[in-house]
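Index from 1, following the sequence. Just so it is clear, the model here is predicted, and its values are computed rather than measured.
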Amino acid sequence: MDHRSAAIVVVLCALLASATTNAAEAPDQEIAWLSGTFGTVVGGDQENPATAAPDARPLDTWMRSAPLEFGAQPPLSEGDSVTFEATSLEDDQTIELALAEQRWVTAPDAPGLHRVVATIMRPTLEPTRHAWLLDVPDRPGSWEVLLERPAIEGSLVGITGGSVSGLRGRGCLTGFCQEVGYRPPVDVLEPLAVRVGEPLALELSDGSAVVGWEGRLEPQSGTASETRLAEAAFDKPVAGPALVGLEPDVAGEWLLEVRVDYDRERGWQWYLFRLVAE
C-alpha cells in the first residue's frame with residue numbers, strides 16, 4: 001500500500017466487509033465499482049450516479065472506448081452474470097457495452113455524457129443495478145492517448161493572495177508512474193513571498209480532491225529555524241487542503257516538499273516549492 005490513500009482504502013474495506021457479511025440477508029448492500037483514468041469509484045443508483053467527490057463532476061474517461069475495470073463485492077461467481085448499458089444524455093440512445101471475463105468493460109465510443117448502468121444477476125438474489133456518470137471526450141482510444149495524459153500541476157496559495165506553481169517530483173497517477181532525478185538548486189524555483197506564520201493551501205490544476213498529505217518545511221542557509229514535518233488524513237476527500245503545521249515560523253528562505261494522496265485511489269504526487277517569509 002505504499003503511496004496509496006490509507007483513508008479511501010479503509011472506507012472501501014469497510015464497505016466490502018459490510019457487503020460480504022450482509023449480502024445474503026440484504027442484497028442492497030452489494031457494491032460494485034469501476035476503475036479507469038478517473039480512479040476507482042463505487043456505483044450509485046440510476047437516479048443519482050456516482051460522480052467525483054467533492055464537486056460532483058462526471059468521471060472523465062480521457063478518450064473514446066476507454067478500457068475500464070469492473071469489480072463487485074461479493075465477487076461474481078459461477079452462475080452469476082452482469083450486463084452493462086450506456087445511455088447518452090444528449091440523444092437518449094442506449095447501447096450495450098462490451099464486457100470481457102466479467103471484468104473489463106469498454107467505455108462508449110461516442111463522445112459526451114453517458115449514464116452507465118451495470119446489472120448484476122445472481123441465481124438466489126434479486127438483480128442489483130449500479131450507475132456511473134461518464135464524460136467521454138472526443139479523443140480516439142489507444143494506449144498512446146492514455147500515455148499523453150498531462151500530470152496534475154500543484155500550486156501553493158497563501159491567504160494574502162499570492163500563489164506559485166510547484167515543481168513536480170516523483171509520483172503515480174492511475175498506474176502511470178514517473179521518477180525524477182536529484183532535487184534542483186533552490187534558486188531555479190520561483191519564490192512565493194509570504195508572511196511569517198501565514199497559513200498555506202495546496203491547489204491542484206484539475207480541481208482534484210485528496211484524502212491526505214504529508215510535508216517537510218526545510219529552512220535554507222541563513223534562516224535560523226529547524227526543519228518541520230506535518231501530515232493530515234481526511235475522512236472525506238478535500239479540495240485545496242490547508243497545510244496546517246507547515247507555516248514558516250521565522251523570516252528567511254524555506255524549501256517546502258509536499259506529497260498528496262489523490263482521492264479515488266488514483267495515486268500520489270510530490271511537489272516542491274520555494275518560500276520567502278518576511
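In this structure a side-chain-to-backbone donor-acceptor pair under 3.5 Å is missing from Thr106 to Ser65. Without hydrogens or angle criteria, Glu214 side chain to Val260 main chain gives no donor-acceptor distance under 3.5 Å. At distances below 3.5 Å, not a single donor-acceptor pair connects side-chain atoms of Gln102 with backbone N or O atoms of Val82. No donor-acceptor pair closer than 3.5 Å links the side chain of Arg170 to the backbone N or O of Trp270. Under a 3.5 Å cut-off, the side chain of Arg259 and the backbone N or O of Trp268 do not form any donor-acceptor pair. Side-chain N or O atoms of Glu96 include none that pairs as donor or acceptor with a backbone N or O of Ala86 at under 3.5 Å. Arg216 places no side-chain N or O within 3.5 Å of a backbone atom of Thr227 that could act as its donor or acceptor partner.
Partner Thr174 forms a side chain to side chain donor-acceptor pair (under 3.5 Å) with one of Glu265, Arg149, Arg266 and no other, that one being Arg149.
A single hydrophobic cluster is seen to contain both Ile95 and Leu99, as judged by linkage of ILVMFWY side chains at heavy-atom distances under 4.5 Å, directly or through other members. Residues Leu133 and Trp33 do not share a hydrophobic cluster, defined by chaining ILVMFWY side chains whose heavy atoms lie under 4.5 Å apart. Tracing side-chain contacts under 4.5 Å through hydrophobic residues (I, L, V, M, F, W, Y), one never reaches Leu167 starting from Val157; they form parts of separate clusters. Each of Val276 and Val164 belongs to its own hydrophobic cluster when Ile, Leu, Val, Met, Phe, Trp and Tyr are linked at side-chain heavy-atom distances under 4.5 angstrom. Hydrophobic clustering (ILVMFWY, side-chain heavy atoms < 4.5 Å, transitive): Val41 and Ile120 are in one cluster.
Side-chain contact between Glu247 and Val194: absent, with no pair of heavy atoms (C-beta onward) separated by less than 4.5 Å. Under the 4.5 Å side-chain criterion, counting only non-hydrogen atoms from C-beta, Tyr271 is in contact with Arg168. Residues Val210 and Asp261 form no side-chain contact, since every pair of their non-hydrogen atoms from C-beta on lies 4.5 Å or further apart. Side-chain atoms of Ser205 and Ile152, non-hydrogen and from C-beta on, do get closer than 4.5 Å to each other. Inter-residue side-chain proximity for Phe176 and Leu146 is flagged as met; some heavy-atom pair is nearer than 4.5 Å. Side-chain contact check for Leu275 versus Leu217: some heavy-atom pair is nearer than 4.5 Å. Between Leu204 and Tyr262, some side-chain heavy-atom pair lies under the 4.5 Å cut-off. Side-chain contact between Pro184 and Leu272 is present, with at least one heavy-atom pair separated by less than 4.5 Å.
For the pair Ala230 and Trp213, the tightest heavy-atom approach, listed with the atom from each and the gap, is O-CZ3, 3.5 Å. Contact between Leu173 and Pro150 at its shortest, heavy atoms only, is CD2-O, 4.4 Å. Across every non-hydrogen atom of Ala107 and Thr61, the tightest pair is CB-CG2, 4.4 Å. Taking each heavy atom of Ser165 and Phe273 in turn, the nearest pair found is C-CE2, 3.9 Å. Of all heavy-atom pairs between Phe234 and Gly212, the closest is CD1-N, 3.8 Å. Shortest non-hydrogen contact noted between Thr87 and Asp92 is CG2-OD1, 3.6 Å.
Between atom CG of residue Leu200 and atom CG of residue Leu192 there is a gap of 7.0 Å, rounded to the nearest 0.5 Å. Considering CD of Glu218 and CG of Leu256, their distance stands at 10.5 Å, rounded to 0.5 Å. How far CH2 of Trp104 is from CG of Leu97: 15.5 Å, rounded to the nearest 0.5 Å. Rounding to the nearest 0.5 Å places CD of Glu278 at 10.5 Å from CZ of Arg195. Interatomic distance, NE2 of His114 versus CD of Glu90, reported as 7.0 Å (0.5 Å rounding). If you take OG on Ser81 and CE on Met121, they are separated by 3.5 Å, rounding to the nearest 0.5 Å.
Using a 30° and 60° split on the angle between ring planes, Phe84 and Trp132 fall in the parallel class, below 30°.
Salt-bridge formation is not detected for the pair Arg129/Asp45: no Lys NZ or Arg NE/NH1/NH2 atom is positioned less than 4.0 Å from an Asp or Glu carboxylate oxygen.
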From CA spacing to verdict: side-chain contact (heavy atoms from CB on, under 4.5 Å), Gln220, Leu255: CA-CA 7 Å; Gln220 301 303 289; Leu255 195 64; 3.4 Å; yes
What verdict does the salt bridge (charged side-chain N to carboxylate O under 4.0 Å, His left out) test give for Arg122 and Glu30, after you've listed the backbone C-alpha separation in whole Å, the side-chain angles of each residue and the deciding distance to 0.1 Å? CA-CA 11 Å; Arg122 305 179 189 267; Glu30 178 179 61; 2.5 Å; yes
Test salt bridge (charged side-chain N to carboxylate O under 4.0 Å, His left out) on Arg103 and Glu69 and set out the steps. CA-CA 6 Å; Arg103 178 181 176 187; Glu69 187 174 8; 2.7 Å; yes
Using the side-chain contact (heavy atoms from CB on, under 4.5 Å) rule, take Asp60 and Asp206 through it: C-alpha gap first, then chi angles, then the decisive distance, then the call. CA-CA 11 Å; Asp60 187 349; Asp206 66 346; over 6 Å; no
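Residue Glu203 places its CD atom among 12 or fewer non-hydrogen atoms of other residues, nucleotides or ligands, all under 6.0 Å distant. Shown here is Asp91, whose CG atom has more than 12 heavy atoms of other residues, nucleotides or ligands within 6.0 Å.
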